[in-house]
Amino acid sequence: MGIDQSSLREIDIIGAYKKFYEALDINVSETWVEWICNNTYLNGSPFSFRGFEYLIQPINDNHPRQAIIKPAQVGASEAFARKMLAIIYRYATMPYYYDNNGEETCVWGINGIYSFPDTDNLRRFIKDRLITDIINPSPLLYAAYKTAESQAIDQLGIYNSFLYSTGRRTDSGNQSIPAEVVFIDEYDRPLNADRRAITALAARTQKAKIFSNLFHDGLIVNFSTPTFPDEEGRLIDGMYNLSDQHEWFVKCTRCGHWQIVEYPDSIAYFYEKGAKKPPKDPYWICLKCRRALDFSQIGNWRREYPNRWENAEWVAKYPNRTKDGAGIRGYRLPFATLYNTAKRLLNKRDTDYKHSIQDFYNYGLGRAYMDKTIGITDEDFVKNINTSIRWGFYDPNYPHIMAGDQGAYIVIARLKENSQTDMNPKGIWQVVYAEHFPDTVAFSRVEKDGQGEKITKGRIAQLIDLWKPEVVLLDRLPNVASAENEQKLFPHIFWLNDSKGTANERMRIDRNERGELIHHVTENKHECIDYYFNELRGKRWEFANGGAEVFEQLKAHNKNIKKIVDDKGVPRYISFGADHFGQAMKLLSEAAEIYATIKPIIKRVGVLTMYGFKEGRN
């Protein structure tokens, strides 16, 4: 069959040749910093890194996974927005060739995703920052933007590349498109958001070709002012701690000493919040010679050499973590800069952040911080370890209780001798054992054979037989049928818990219409966590010596639970990582309360020995 005119597709030949011509004129050796300085503007002038030299290396860095922890107002969001546009523009005007199973293939035009904590702030950022401040003043970007197929707020076109913007309060708010580049701004926020949105964003680069290596696909940059300390990488502090940890060292131009500027050690005429101000203004000083640090000579950026700076250096604490392209590249941006003087920092501490020491550490210093009302720390466990108690040892002279979070995570405690008092009828409980095992072996099974019913005890029942607890409290959800069947095996000691975030009472021991206990508890989970945490801080719980890895896991799960204030101003607890042993300890606290209710100060442990007076000599 011959080809006629109707079977032909119209092609913009002139436009295609124009793009080829423009691609030939692209400087492929140009760094991102050079491109930003040559093609974008700020307040009518070409963009400058003067005073922001610490951003040059992070902006030029193409390591596939990055975590950047920062104070507020250090120029990071401004610079990384420009880097995103630089990447989008380059690969809209220049093909990227790669080997596809022995066949040379190219990518021409890519997708990038810029993620922000919520949609409202994101739209303002795209409209005011990206379009008005960056794209419109740049002839290069403006022409590419106006020529593109889409100029929508959530899908900015740069020729045949697209920048998708997305909020992440919920996972459903994510853009479900493949991407080569993902930038996650304010990674920690909102604290009460669905953290699965972060995981979903990372999955968008699974088919990326650019920036990929043997360990990672695509480029994902996470940057944020920190919130709470973190060890698992759920927050920016934890991600930075898992990285190669670059720190910004500055050189004292007077004595030559290299150092990280510290708060408050690097401040002359420092004064505490609320104290009388000293006679002279505070300023940054060298930790060695104690003379002023000259920030006019630290950085000393010049436009003719945009990738260079002086008297400062990024130094990785753990360089092997990113060897050969693996791991996370981490940068901690400094709070002491040419523009952020010591005087200005202390003034912000006393004005902008006067009501919150946490805000000062997070936004002012770029440091994670958690006060004692937000969560549990290592210290809360260390101070409560009782070295006279052996982990895993059962003593029949003590009453025991047991609780568990389905999953299954079980904790067991015994009542400390003579600790129940009129002031503390619940007593002090000593955690002596903890264990995790899968739900598949947790619950007992009832099987019928020719001789009747045969019960194969699960691990929960086995632990009950071993430790002989007088109260057992188990989370009723999610495996309701198995939990209720297990309760039937131990009807006199086994209780089930219904956890509700909106219950009116902290904890209610439920009764039937006749006022009889029905071995069921209803809780407000946020208030019960708060109550248990306060008990732990108040030394109402002790921990046996030992436990090794399981005790470390128990601590970590407790520390992952932190208090935030939601959008309605209501305090609530959120888990930033695995929390099962933390939830089990909360249930153990409730089990102790049940014990104190049904056996109020009647079963004391220990022997009271009374000695008479010894006759004295005259």
Side-chain angles (χ1 to χ4, degrees), residues 22-64 66 68 70-71 73-94 96 112 114 129-130 133-144 158 161 163 181 183 185 210-211 219 221 223 246-251 253 258 293-316 329-334 336-340:
E22 289 174 345
L24 293 174
D25 195 39
I26 292 175
N27 182 2
V28 295
S29 66
E30 190 177 41
T31 66
W32 304 124
V33 164
E34 289 171 338
W35 191 96
I36 290 169
C37 293
N38 292 334
N39 298 293
T40 68
Y41 298 82
L42 182 64
N43 299 325
S45 300
F47 192 82
S48 168
F49 282 88
R50 173 69 174 166
F52 301 93
E53 291 85 358
Y54 49 83
L55 290 172
I56 294 172
Q57 184 169 318
I59 291 296
N60 281 335
D61 200 331
N62 288 330
H63 189 83
Q66 299 177 31
I68 298 165
K70 66 184 186 69
Q73 304 300 315
V74 291
S77 295
E78 186 78 49
F80 277 98
R82 294 165 193 268
K83 177 176 180 176
M84 172 64 85
L85 290 172
I87 295 172
I88 292 293
Y89 182 88
R90 175 171 293 181
Y91 294 106
T93 53
M94 182 186 73
Y96 175 82
Y114 197 102
R129 182 77 60 86
L130 288 187
D133 294 344
I134 304 177
I135 293 176
N136 288 350
S138 169
L140 202 71
L141 287 173
Y142 184 76
I158 300 294
S161 289
L163 173 56
V181 187
F183 283 8
D185 199 347
I210 308 173
F211 305 111
L219 174 63
V221 180
F223 48 102
H246 279 76
E247 292 277 7
W248 182 247
F249 281 74
V250 299
K251 179 183 177 182
T253 55
W258 287 87
L293 286 171
D294 186 358
F295 272 87
S296 67
Q297 298 301 310
I298 295 173
N300 203 18
W301 184 82
R302 288 174 289 176
R303 184 167 298 280
E304 57 268 31
Y305 304 110
N307 296 307
R308 299 182 188 176
W309 63 90
E310 299 175 358
N311 300 317
E313 195 63 68
W314 282 108
V315 179
R329 175 67 43 75
Y331 293 98
R332 186 193 297 278
L333 301 188
T337 69
L338 176 65
Y339 302 117
N340 197 31

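Here the two rings, on Tyr89 and Trp35, have centers that are under 6.0 Å apart. Here the two rings, on Tyr339 and Phe52, have centers that are under 6.0 Å apart.
Contact of the Arg308 side chain with the Ile56 side chain is not registered, since no non-hydrogen atoms from C-beta on lie closer than 4.5 Å. Here the side chains of Thr40 and Leu141 are in contact, with some heavy-atom distance below 4.5 Å. Two residues are said to be in side-chain contact when any heavy atoms from C-beta on lie closer than 4.5 Å; Leu55 and Phe49 meet this criterion. Phe80 places a side-chain heavy atom less than 4.5 Å from the side chain of Ile59. Side-chain contact check for Pro71 versus Leu333: some heavy-atom pair is nearer than 4.5 Å. Two residues are said to be in side-chain contact when any heavy atoms from C-beta on lie closer than 4.5 Å; Ile210 and Arg90 fail this criterion. Contact check for Leu85 versus Leu130: side-chain heavy atoms found under the 4.5 Å cut-off.
Checked against side-chain contact (heavy atoms from CB on, under 4.5 Å), Asp61 has the following partners two or more places apart in sequence or in another chain: His63, Gln66, Arg329, Tyr331. Residues passing the ring pair (Phe, Tyr, Trp, His ring centres under 6.0 Å) test with Tyr96: none are found, sequence neighbours excluded. Here Pro46 pairs with Tyr41, Arg303 under the side-chain contact (heavy atoms from CB on, under 4.5 Å) rule; sequence neighbours left out.
Surrounding CD of Gln73 are at most 12 heavy atoms belonging to other residues, nucleotides or ligands under 6.0 Å away. Around atom OH of Tyr142, no more than 12 heavy atoms belonging to other residues, nucleotides or ligands sit under 6.0 Å away.
Using cut-offs of 30° and 60° for the angle between ring planes, the Phe183 and Phe223 rings count as perpendicular.
Minimum heavy-atom separation, Ile298 to Ala312: CG2-CB, 4.1 Å.
Side chains of Asn43 and Ser45: no donor on one and acceptor on the other come within 3.5 Å. Residues Thr253 and Asn311 have side chains that never bring a donor and an acceptor to within less than 3.5 angstrom of each other.
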